[in-house]
Asker: 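Encoded as structure tokens, here's the structure I'll be asking about.
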Amino acid sequence: MKSSQELTFKHVSSEDGQLCTLDVNKLRPMPVEYETYEWKPISDAQKDQYCCLLDDINVLLIPTPKTIAEEEEMVNRFLEGVRKLFTPENNWTCLAMLDTTMDYCAQCNSCSNACHLYEMSGEHEMYRPNFRSELFRRIYKQYVKKEPLAKWRYGDIDLNWKTVVRLAEMAYRCNLCRRCAQVCPIGIDNGLIARELRKLFSQEFGWSPRELHEKGTQLQLQVGSSTGMNSSVVQETVEFIDEDYVESTGYEFKTPWDVPNADILLIHNAGEMLAWPDNIAAFSLIFEAAGLSWTLSSEIAGYDSVNYGVFYDDVQAARVAIKHAQAAKKLGVKKIVIGECGHAHKALTVIADRILPKDLNIPRESCFPLLRDIVLGGRLKLDPSRNNFPVTLHDPCNLVRLMGVVKPQRDVLHAIAPMFREMTPHGVENYCCGGGSGFAIMTRNNINEWRMNITGRKKMEQIANAFSDCLDPSIKKYVCAPCSNCKGQIRELLQENNLLEKNGMQYGGLVELIVNAMTEVEPGFIKWEEE
Amino acid sequence: MSIFFYCLAYAAVIAFVAIAAMRIMGYLKKPQHLRWELYPVAHESAERVEYGGSYLEKVDWWKDKYHSSIVGALKGFLEEALFLKATWEHNRPLWWRTYPFHVGLYLLLGGMGMTVLAAFGKMAGFEGFVIFCTCVTVFCNVVGFGGVLFGAVGLIQRRLCDAGLRKYTSNEHFFNLGLFGVYALLGLVLCLGYSAWDFALMGNAFIYGMLTFTAMDVAPLYALYLLIGFFMFFWVPYSFLGHLFMKYFTWHDIRWGDEPFISSNKLQNQLANNLNLPVSWRASHIKGDGVKTWAQIATEKQD
């Protein structure tokens with residue numbers, strides 16, 4: 001194994017066995033009591049069956065090639081995939097961005113310090129945003145583009161099956177938050193390269209994390225939701241949620257389904273229905289109290305805004321986006337409003353904007369401007385003193401840096417949360433929660449340990465620092481994370497470390513805080529766990 | 001010999017224009033890409049640029065006309081081009097070296113422009129204007145060579161001594177920096193040897209010769225200086241140094257490319273073309289055969 005200092009591009013091809021590891025006991029201490037998560041050993045059986053060649057984490061579970069012919073086939077197929085990435089037919093979606101990112105990087109490494117993985121891994125070489133990118137560039141220029149004097153100009157890379165599987169795994173050592181791209185002086189996007197590699201391996205090899213593909217987009221396209229809930233189950237679930245929360249809030253409401261020609265089709269992340277029903281109830285309650293014309297849809301994918309395709313596969317992203325638009329078209333709604341889910345925001349509002357044909361390009365918007373207008377427009381009776389506890393806001397990357405929806409959620413918080421304070425940095429300069437690009441729903445093969453040790457470490461540090469003046473457990477405090485995936489990650493960070501008990505930290509969305517302040521609702525909508 | 005040099009000079013200018021045009025056209029001919037913007041977007045309203053907001057912060061945003069502020073975009077671009085703002089904010093140790101290097105290059109380009117103007121002035125018989133241009137050229141040359149030399153040496157030193165940067169530094173980096181360094185050093189030596197004024201006059205005369213197709217004799221050291229310059233005219237657009245002009249597209253078209261589908265017929269037509277492109281990805285959930293289009297594959301029923 002190679003240490004961070006020793007690791008070079010050549011080792012990716014030459015080293016046998018696991019390439020590197022990371023000593024979790026040397027990670028930066030946290031401002032609050034925080035566990036160290038030792039890597040679970042990889043079993044011999046697993047090593048025999050799968051290519052466990054990069055580090056202690058295995059996201060892709062690539063079958064080990066058994067013969068030299070299989071090894072060669074892997075390399076040839078990879079090269080074929082790379083060629084396709086650079087054709088307008090197969091990659092019209094991203095070719096312009098990819099080409100400029102491949103050709104014009106000056107290798108200044110300005111991106112390194114912007115990356116939370118690089119920083120929190122103790123500046124491990126493999127986590128430089130440019131490590132996988134530059135390896136890929138050198139392979140492309142030497143083996144595909146065949147630039148004159150490529151070996152001399154950029155350095156000779158031996159391309160073999162180990163290089164291919166390590167590159168595939170490296171594509172999943174990134175949260176795709178694109179903070180690295182934001183600081184680049186030239187406009188190079190190393191986050192894009194991670195995603196392009198994921199695309200190559202998914203679209204050519206069929207290699208992708210099962211949580212994103214089989215249990216993600218495929219399930220959603222076949223059944224209607226990545227949760228596995230079909231149309232009738234989801235309607236029953238929301239009916240139960242309505243009943244529970246009418247009883248607990250004392251406010252009469254009923255979630256409408258399949259209302260033709262409604263103004264708004266609201267699409268939730270269906271995961272909320274199972275994990276955070278209070279979020280579903282809060283939306284229904286607010287929309288009903290504000291007197292909106294709105295509906296949910298029971299069409300395939302029309303009740304689940306998730307689109308994991310944006311993390312790994314353009315074809316799957318397009319298929320899911322089309323299903324969302326078809327559901328809206330069938331109902332004849334005026335617009336789609338996306339609930340508290342960051343990647344769904346970007347997928348349906350920004351990415352789908354240049355995928356959907358004209359007849360399906362139904363107007364789509366974020367829920368946050370609408371919530372801002374409802375709250376500031378006086379359409380709800382609110383008592384901010386009900387939220388008289390410290391609140392901080394986690395900015396989902398997809399919402400802020402990648403979409404520019406920054407102020408509406410803050411306008412709401414300033415109006416309803418008297419003790420609101422920002423994290424540092426925040427807004428478009430935020431840090432990812434650590435669950436970004438699909439990791440929030442993965443726990444196997446040391447992925448959970450990785451999220452706790454490295455990817456989520458910066459966010460945990462930010463949260464602790466935002467509450468540094470009130471860490472006493474008797475002071476209840478709230479991390480507002482208006483995104484389903486981010487909430488999943490922050491839940492793990494807080495619960496695994498018992499930080500509600502130790503430091504009084506709770507988490508949730510924005511709508512829960514709004515309902516908590518509504519005077520027409522029984523006090524105490526937000527539940528502090530031990531209550 | 002001098003005619004040969006003039007031929008090389010014409011070839012260098014033609015190569016620069018041709019390679020740069022090819023690269024720009026290559027970019028422009030690519031299919032319309034997905035939106036991939038990053039905020040802040042400089043052509044948004046000044047208030048939104050301040051915190052990184054977008055038009056998507058408004059309810060029913062599509063009811064407003066899409067607005068792109070030229071002043072905002074220009075401000076954002078000039079801040080970056082003139083001050084290397086991103087490097088200043090995110091890579092300060094590099095900025096102290098790369099900023100003099102870039103400013104030096106800008107000045108040398110400016111000096112070259114003044115030399116061309118001086119040649120036109122001479123053709124028109126405006127002696128005063130020629131003297132003015134020559135004075136500016138002298139300043140641009142001396143400060144420009146100094147900046148480039150300082151920057152090139154500093155950047156080589158940084159790439160050699162910073163362990164993190166060293167791994168990412170290829171032979172081409174040293175070649176490029178060395179090339180610029182030698183060019184600037186020769187320029188300074190010539191300024192010292194002939195005086196900066198005479199050196200500027202040599203430049204005036206050479207460009208005048210190019211414009212009037214009258215060759216002049218070239219001293220050996222000046223010939224070497226010119227040769228390196230000619231090579232750079234070819235090399236800059238060909239290598240990653242082409243970010244000189246491609247940065248316009250990476251910033252304006254990609255990073256700030258937030259134009260919505262709904263506001264542009266051109267975008268709608270381009271997208272319709274894209275959806276009819278054939279797909280050949282082989283994975284089992286796609287089974288592209290090079291005939292089926294994106295539209296067909298994206299809408300086919302899933303098993």
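Reminder, nothing fancy here: chain letters follow the sequence lines and each chain counts from 1. Here the structure is a predicted model, which is why all the values come from computation and not from measurement.
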Asker: What part of B/Gln32 gets closer than 4.5 Å to chain A, counting heavy atoms only: side chain, backbone, both or neither?
Answerer: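 Both backbone and side chain.
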
Asker: If you measure from the Lys or Arg side-chain nitrogens to the Asp or Glu carboxylate oxygens, is any gap between A/Lys335 and A/Asp263 under 4.0 Å?
Answerer: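 Result for this pair is no, no salt bridge flagged.
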
Asker: How about A/Thr101 and A/Asp189: does a side-chain donor come under 3.5 Å of a side-chain acceptor?
Answerer: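 No, no side-chain donor-acceptor pair sits under 3.5 Å.
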
Asker: Roughly how far apart are A/Leu348 CG and A/Ile338 CD1, rounded to 0.5 Å?
Answerer: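 So the gap between those two atoms works out to 4.5 Å.
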
Asker: For B/Arg255, is there an ion pair with B/Glu37 - N to carboxylate O distance below 4.0 angstrom?
Answerer: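 No, no charged N to carboxylate O under 4.0 Å.
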
Asker: Quick one: what part of A/His213 sits under 4.5 Å from any heavy atom of chain B, side chain, backbone, both or neither?
Answerer: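 The side chain, not the backbone.
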
Asker: Name the region of B/Lys167, side chain, backbone, both or neither, that has any atom closer than 4.5 Å to a heavy atom of chain A.
Answerer: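 The answer is both parts of B/Lys167.
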
Asker: Select, from B/Tyr51, B/Trp62, B/Trp281, B/Phe174, the one with the greatest count of heavy-atom pairs under 4.5 Å involving chain A.
Answerer: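 Option with the top pair count is B/Trp281.
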
Asker: Any idea which of A/Ala317, A/Ala181, A/Ser366 has the most non-hydrogen atom pairs under 4.5 angstrom with chain B?
Answerer: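 Of the options given, most contacts go to A/Ala181.
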
Asker: Does any heavy atom of chain B fall under 4.5 Å from the side chain of A/Cys105, the backbone, both, or neither of them?
Answerer: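 The answer is the backbone of A/Cys105.
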
Asker: Looking at chain A, which one of B/His33, B/Arg282, B/Lys30 has the largest number of heavy-atom pairs inside 4.5 Å, strictly under?
Answerer: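 Option with the top pair count is B/Arg282.
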
Asker: What distance separates A/Ser112 OG from A/Tyr127 OH, expressed to the nearest 0.5 Å?
Answerer: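 If I round to the nearest 0.5 Å, the distance is 14.0 Å.
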
Asker: Which bit of A/Asp373 is near chain B, if near means a heavy-atom gap under 4.5 Å: side chain, backbone, both or neither?
Answerer: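 Answer is side chain: those atoms of A/Asp373 sit under 4.5 Å from chain B.
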
Asker: I want to know whether B/Phe180 and B/Phe101 have ring centres closer than 6.0 Å.
Answerer: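 Yes, close enough.
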
Asker: Quick one, B/Tyr183 and B/Val148 - any side-chain contact, counting heavy atoms below 4.5 Å?
Answerer: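 B/Tyr183 does not reach B/Val148 side chain to side chain.
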
Asker: Under 4.5 Å from any heavy atom of chain A, what part of B/Leu165 do you find: side chain, backbone, both or neither?
Answerer: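 Answer is both: backbone and side chain atoms of B/Leu165 are under 4.5 Å from chain A.
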
Asker: Should we say atom CZ of B/Phe245 is surrounded by more than 12 heavy atoms from elsewhere, each under 6.0 Å from it?
Answerer: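 Yes - once you tally the heavy atoms of other residues, nucleotides and ligands closer than 6.0 Å, there are more than 12.
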
Asker: With a 4.5 Å cut-off on heavy-atom pairs, point out which of B/Tyr55, B/Phe240, B/Tyr168, B/Trp88 contacts chain A the most.
Answerer: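 If we count pairs closer than 4.5 Å to chain A, B/Tyr168 comes out on top.
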
Asker: Please classify the contact of A/Glu429 with chain B as side chain, backbone, both or neither, using a heavy-atom distance under 4.5 Å.
Answerer: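 Neither; nothing under 4.5 Å.
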
Asker: Would you mind telling me which of A/Val350, A/Thr87, A/Leu370 has the largest number of heavy-atom pairs within less than 4.5 Å of chain B?
Answerer: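 Heavy-atom pairs under 4.5 Å are most numerous for A/Val350.
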
Asker: Checking B/Lys75 now: which residues fulfil salt bridge (Lys or Arg N to Asp or Glu O under 4.0 Å) with it, not counting sequence neighbours?
Answerer: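 Listed in chain order: B/Glu79.
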
Asker: By a 4.5 Å heavy-atom criterion (distance strictly below it), what part of A/Ile362 contacts chain B: side chain, backbone, both, or neither?
Answerer: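 The answer is neither part of A/Ile362.
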
Asker: Where does A/Leu95 contact chain B at under 4.5 Å (heavy atoms): side chain, backbone, both or neither?
Answerer: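 Both parts, heavy atoms under 4.5 Å.
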
Asker: Heavy-atom distances under 4.5 Å only: say whether B/Ser280 touches chain A with side chain, backbone, both or neither.
Answerer: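 B/Ser280 touches chain A through backbone and side-chain heavy atoms alike.
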
Asker: Let me know if B/Leu38 has heavy atoms under 4.5 Å from chain A in its side chain, its backbone, both or neither.
Answerer: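 For B/Leu38, the contact with chain A is made by backbone and side chain together.
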
Asker: Checking A/Ser202 against chain B: side chain, backbone, both or neither under 4.5 Å from a heavy atom?
Answerer: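 Both parts, backbone and side chain.
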
Asker: Hey, is A/Lys199 close enough to A/Glu196 for a salt bridge, meaning N to O under 4.0 Å?
Answerer: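 Yes, charged N to carboxylate O under 4.0 Å.
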
Asker: Which bit of A/Phe201 is near chain B, if near means a heavy-atom gap under 4.5 Å: side chain, backbone, both or neither?
Answerer: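 Interface part for A/Phe201: neither.
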
Asker: Which atoms of A/Val320 come close to chain B, meaning under 4.5 Å heavy atom to heavy atom: side chain ones, backbone ones, both, or neither?
Answerer: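 Neither part.
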
Asker: Is any NZ, NE, NH1 or NH2 atom of the basic residue among A/Glu125 and A/Lys2 found under 4.0 Å from an Asp or Glu carboxylate oxygen of the other?
Answerer: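 So A/Glu125 does not pair with A/Lys2 through a salt bridge.
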
Asker: Specify which of A/Gly81, A/Ala318, A/Ala96 makes the most heavy-atom pairs with chain B at under 4.5 Å.
Answerer: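 Of the options given, most contacts go to A/Ala96.
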
Asker: Would you mind checking which part of B/Tyr238 comes under 4.5 Å of any heavy atom in chain A, side chain (CB onward), backbone (N, CA, C, O), both or neither?
Answerer: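 Just its side chain gets close to chain A.
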
Asker: Hey, are B/Glu80 and B/Lys247 close enough for a salt bridge, meaning a charged N less than 4.0 Å from a carboxylate O?
Answerer: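 Salt bridge between B/Glu80 and B/Lys247, a charged N being under 4.0 Å from a carboxylate O: yes.
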
Asker: For chain A, find which of B/Leu277, B/Leu271, B/Thr250 contributes the most heavy-atom pairs closer than 4.5 angstrom.
Answerer: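 Answer, by heavy-atom pair count under 4.5 Å with chain A: B/Leu271.
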
Asker: With a 4.5 Å limit on heavy-atom distance, are the side chains of A/Arg179 and A/Pro425 in contact?
Answerer: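 Of all side-chain heavy-atom pairs linking A/Pro425 with A/Arg179, at least one is under 4.5 Å.
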
Asker: Please state whether the side chain, the backbone, both or neither of B/Phe175 comes within less than 4.5 Å of a heavy atom of chain A.
Answerer: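 Just the side chain, heavy atoms under 4.5 Å.
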
Asker: Can a salt bridge be assigned to the pair B/Lys63 and B/Asp60 using a cut-off of 4.0 Å between side-chain N and carboxylate O?
Answerer: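 Judged by the 4.0 Å cut-off on N to carboxylate O distance, B/Lys63 and B/Asp60 do form a salt bridge.
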
Asker: Dump the intermediate steps for ring pair (Phe, Tyr, Trp, His ring centres under 6.0 Å) on B/Phe150 and B/Trp96, then the final yes or no.
Answerer: CA-CA 10 Å; B/Phe150 175 84; B/Trp96 295 112; 9.9 Å; no

Asker: With a 4.5 angstrom heavy-atom cut-off, could you sort out which part of A/Arg195 is near chain B: side chain, backbone, both or neither?
Answerer: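 For A/Arg195, the side chain is the part near chain B, not the backbone.
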
Asker: Using non-hydrogen atoms and a 4.5 Å limit, figure out which bit of A/Asp353 sits close to chain B: side chain, backbone, both or neither.
Answerer: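 For A/Asp353, the contact with chain B is made by backbone and side chain together.
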
Asker: Go through the atoms of B/Leu94 and report whether side chain, backbone, both or neither lie under 4.5 Å from a heavy atom of chain A.
Answerer: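 Side chain only.
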
Asker: What part of A/Phe368 gets within 4.5 angstrom of chain B, counting heavy atoms only: side chain, backbone, both, or neither?
Answerer: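 Neither part; nothing is under 4.5 Å.
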
Asker: With a 4.0 Å cut-off, would you call A/Glu134 and A/Arg137 a salt bridge?
Answerer: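 Result for this pair is yes, salt bridge flagged.
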
Asker: Tell me whether A/Arg128 is salt-bridged to A/Glu123, with the criterion being a basic N under 4.0 Å from an acidic carboxylate O.
Answerer: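 No salt bridge links A/Arg128 with A/Glu123.
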
Asker: Can a salt bridge be assigned to the pair B/Glu259 and B/Arg35 using a cut-off of 4.0 Å between side-chain N and carboxylate O?
Answerer: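 The answer is no: the pair does not qualify as a salt bridge.
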
Asker: Please look at A/Leu402 and chain B and tell me whether the side chain, the backbone, both or neither of the residue comes under 4.5 angstrom of a heavy atom of that chain.
Answerer: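 Looking at A/Leu402, backbone and side chain both touch chain B.
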
Asker: So which of B/Gln270, B/Met246, B/Gln268 has the biggest tally of heavy-atom pairs under 4.5 Å with chain A?
Answerer: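 Answer, by heavy-atom pair count under 4.5 Å with chain A: B/Met246.
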
Asker: Name the option with the most non-hydrogen atom pairs under 4.5 Å to chain B; the candidates are A/Arg372, A/Glu365, A/Arg178.
Answerer: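 The residue among A/Arg372, A/Glu365, A/Arg178 with the greatest pair count is A/Arg178.
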
Asker: Do you know which of B/Glu300, B/Arg159, B/Lys85 has the most heavy-atom pairs with chain A at a distance under 4.5 angstrom?
Answerer: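 Most heavy-atom pairs within the cutoff with chain A belong to B/Arg159.
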
Asker: Would you call B/Arg23 and A/Asp103 a salt bridge, taking side-chain N to carboxylate O under 4.0 Å as the test?
Answerer: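 A salt bridge is present here (some side-chain N lies under 4.0 Å from a carboxylate O).
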
Asker: Quick check for you: among A/Leu200, A/Asp313, A/Asn91, A/Val337, which has the greatest number of heavy-atom pairs under 4.5 Å with chain B?
Answerer: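 Of the options given, most contacts go to A/Asp313.
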
Asker: Could you have a look at A/Trp207, A/Phe205, A/Phe9 and say which one has the most heavy-atom pairs with chain B under 4.5 angstrom?
Answerer: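 That would be A/Phe9.
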
Asker: Between A/Ile355 and chain B, which part of the residue has a heavy atom less than 4.5 Å away: side chain, backbone, both or neither?
Answerer: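 Interface part for A/Ile355: both.
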
